[in-house]
Structure formats: C-alpha cells, structure tokens
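We count ligands from 1, going down the list as the structure has it; atoms in each ligand are counted the same way. Hydrogens, waters and symmetry mates play no part in the numbers below; they use all other heavy atoms, side chains included. Nothing fancy with the numbering, it's 1 onward along the sequence. On a predicted model such as this, the values are computed, not experimentally measured, just so you know.
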Amino acid sequence: MKRAIYPGSFDPITLGHLDLIERSCAIFDEVIVGVLHNRAKKPLFTAAERMEMIREVTKNFPTVKVVAFDGLLVDFVKKCEARVVIRGLRAITDLEYEMQLAQTNRVLSSEIDTIFLTTNLAYAYLSSTTVKEVARLGGNIQAFVPEIVEKRLKDVYQV
Ligand code: PNS
C-alpha cells in the first residue's frame, strides 16, 4: 500500500490544493490530507470547518482521508504508517521555505521523504491568504476555490 500525507493549514482549501490532491491520488493508493490544528496560527476556520470543506470537495475521491494533526509532522506521518509527504511548489519563492521544512523533517526522521509536485500553472499564483483577502474585500473568488468554499467565505465576511 503506497500511502502519502499531504499536510497543510488549508485555511481554506483552494483549487490549487484540490488539483494536487487529485494528482496525488493517481500516484498513491491512499492520500491522507493532514490538517494542521494549530490555534497559535489563528486560522479563519476551525480545524473541524476546514476538514468538513475538504471532505466535501474530495467526496468523489475514495482514496482520500482527511485527518487533523497537531505537533510534529513527522510524528503524524509515522502514526499514519506512511513514509512520504507531498508538498506543492508554486514558484521558486516557495523553494526556500519548503526545503527548510523537508530538510528539518529528514533530520528529525530520516525514513520520511518529501515529494514535491509542481502546482498546475493555472493555480501558480494562488494562496489561501490571497483568497481570503479578495473575499474579505468583496472580490470574485470563483476562479480560486470550490463553490462550497466560496459560499463559506462569503458567509464569514458577509459579502
Ligand atoms: O499550508 P502550510 O501552512 O504551508 O503548511 C505548513 C505545515 C503544516 C506543513 C507545517 O507548518 C508543519 O508541518 N507543521 C507541523 C509542525 C512541524 O512539524 N514543524 C517542524 C517542521 S519545520
């Protein structure tokens, strides 16, 4: 069984994340979306809300599981009995941070490897932060997030 962990904040999930999940499903038998449950990050949506949105938009992918985690990513990966972490690379600007994460994780646990997938060009500019900003200011976010996420953002910002 080839299992991979796709970790992140997903506050909220975007079409860029969804594209990576879909492509990961074509490579791995099971993809566990690990939702960081970290109150210090002050997310817009609670972990439960973020997970509910991810579950809804991945409901047609039977090999996807959505699980919350706290603490070290390497501990979560081990708990899931996995050895592979997937991260998306949008542009070269992501590389420094992503290398830092991947290298730190390898020092913490040498049996865990990070695999980078290049983000679909259509979503190379996308981030949850930008999407929230556009939504908050009443802009159209249809091209950035699944429909149910668009609705949730509009409800939160009352736009
Ligand atoms: O979507 P994000 O915010 O870029 O995801 C970052 C995430 C969740 C992958 C990263 O912050 C993480 O792994 N956090 C768990 C804590 C941890 O393991 N830290 C050590 C590695 S630097």
Side-chain angles (χ1 to χ4, degrees), residues 2-25 27-28 30-58 61 64-136 141 143-146 148-150 152-153 156:
K2 281 189 288 166
R3 178 182 290 142
I5 309 297
Y6 179 41
S9 306
F10 305 105
D11 186 39
I13 185 166
T14 66
L15 289 176
H17 294 130
L18 195 55
D19 173 62
L20 275 195
I21 293 171
E22 196 171 347
R23 285 159 54 204
S24 302
C25 286
I27 305 171
F28 295 95
E30 186 175 84
V31 175
I32 299 180
V33 181
V35 179
L36 183 68
H37 179 58
N38 181 354
R39 284 175 208 93
K41 271 200 160 186
K42 288 200 176 23
L44 178 65
F45 294 103
T46 64
E49 289 170 331
R50 284 177 276 148
M51 288 168 73
E52 186 199 318
M53 286 185 267
I54 300 169
R55 288 206 177 102
E56 176 63 28
V57 299
T58 58
F61 306 137
V64 171
K65 271 192 191 165
V66 185
V67 180
F69 79 100
D70 217 342
L72 285 177
L73 175 60
V74 289
D75 291 338
F76 174 64
V77 175
K78 281 183 215 161
K79 211 173 110 199
C80 294
E81 298 182 341
R83 292 192 47 208
V84 175
V85 171
I86 297 169
R87 292 286 288 172
L89 278 183
R90 288 168 300 189
I92 197 76
T93 42
D94 279 343
L95 196 62
E96 198 172 330
Y97 171 64
E98 292 300 334
M99 288 295 286
Q100 200 180 350
L101 273 189
Q103 297 288 19
T104 307
N105 287 337
R106 264 193 67 77
V107 172
L108 291 173
S109 184
S110 59
E111 69 268 26
I112 294 172
D113 270 304
T114 303
I115 291 184
F116 296 111
L117 294 183
T118 50
T119 304
N120 186 322
L121 265 186
Y123 308 124
Y125 56 89
L126 250 191
S127 78
S128 299
T129 308
T130 314
V131 170
K132 281 181 281 191
E133 169 101 357
V134 176
R136 185 172 60 82
I141 50 167
F144 307 143
V145 290
I148 65 138
V149 177
E150 181 189 1
R152 294 297 299 271
L153 280 167
V156 168

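Here the shortest heavy-atom pairing between His37 and Ala68 reads CB-CB, 4.5 Å.
Residue Leu73 has at least one nitrogen or oxygen atom sitting less than 3.5 Å from a nitrogen or oxygen atom of ligand 1, judged on distance alone. When only interatomic distances are considered, the shortest N/O to N/O separation between Arg87 and ligand 1 falls below 3.5 Å. Not one N or O of Asn105 is nearer than 3.5 Å to an N or O of ligand 1, by distance alone.
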Q: Report the C-alpha distance between Phe45 and Leu153 in whole Å, list the side-chain angles of each, state the deciding distance to 0.1 Å, and finish with yes or no for side chain to side chain contact (heavy atoms under 4.5 Å, CB included).
A: CA-CA 9 Å; Phe45 294 103; Leu153 280 167; 3.8 Å; yes
Q.
Applying side chain to side chain contact (heavy atoms under 4.5 Å, CB included) to Arg83 and Val77, what does each step give before you reach the verdict?
A. CA-CA 7 Å; Arg83 292 192 47 208; Val77 175; 5.8 Å; no
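With ligand atoms numbered from 1 in the order given, ligand 1 contributes 21 (C), 22 (S) to contacts under 4.0 Å with heavy atoms of Leu101.
The closest non-hydrogen atom to atom 19 (N) of ligand 1, taken over Val35, Leu72, Ile5, comes from Leu72.
Not a single heavy atom of Ser128 sits under 4.0 Å from any atom of ligand 1.
Neither the backbone nor the side chain of Phe76 comes within 4.0 Å of ligand 1, counting heavy atoms alone.
Of the inter-residue distances, the one linking Gln103 atom CD with Leu108 atom CG reads 11.5 Å to the nearest 0.5 angstrom.
Counting only heavy atoms of the protein, atom 11 (O) of ligand 1 lies nearest to Tyr97 OH, 4.0 Å. Taking atom 2 (P) of ligand 1 as the reference point, the nearest protein heavy-atom neighbour is Ser9 OG, 3.6 Å. What sits closest to atom 16 (C) of ligand 1 on the protein, heavy atoms only, is Gly71 O, 3.4 Å.
Ring geometry for Phe69 against Phe76 counts as parallel: the plane angle stays under 30°, on a 0 to 90° scale with 60° as the upper cut.
At a threshold of 4.0 Å, the pair Arg152-Glu52 counts as salt-bridged, since one of the basic side-chain nitrogens sits closer than that to a carboxylate oxygen. Under the 4.0 Å criterion applied to side-chain N and carboxylate O atoms, Asp75 and Lys79 are not assigned as salt-bridge partners.
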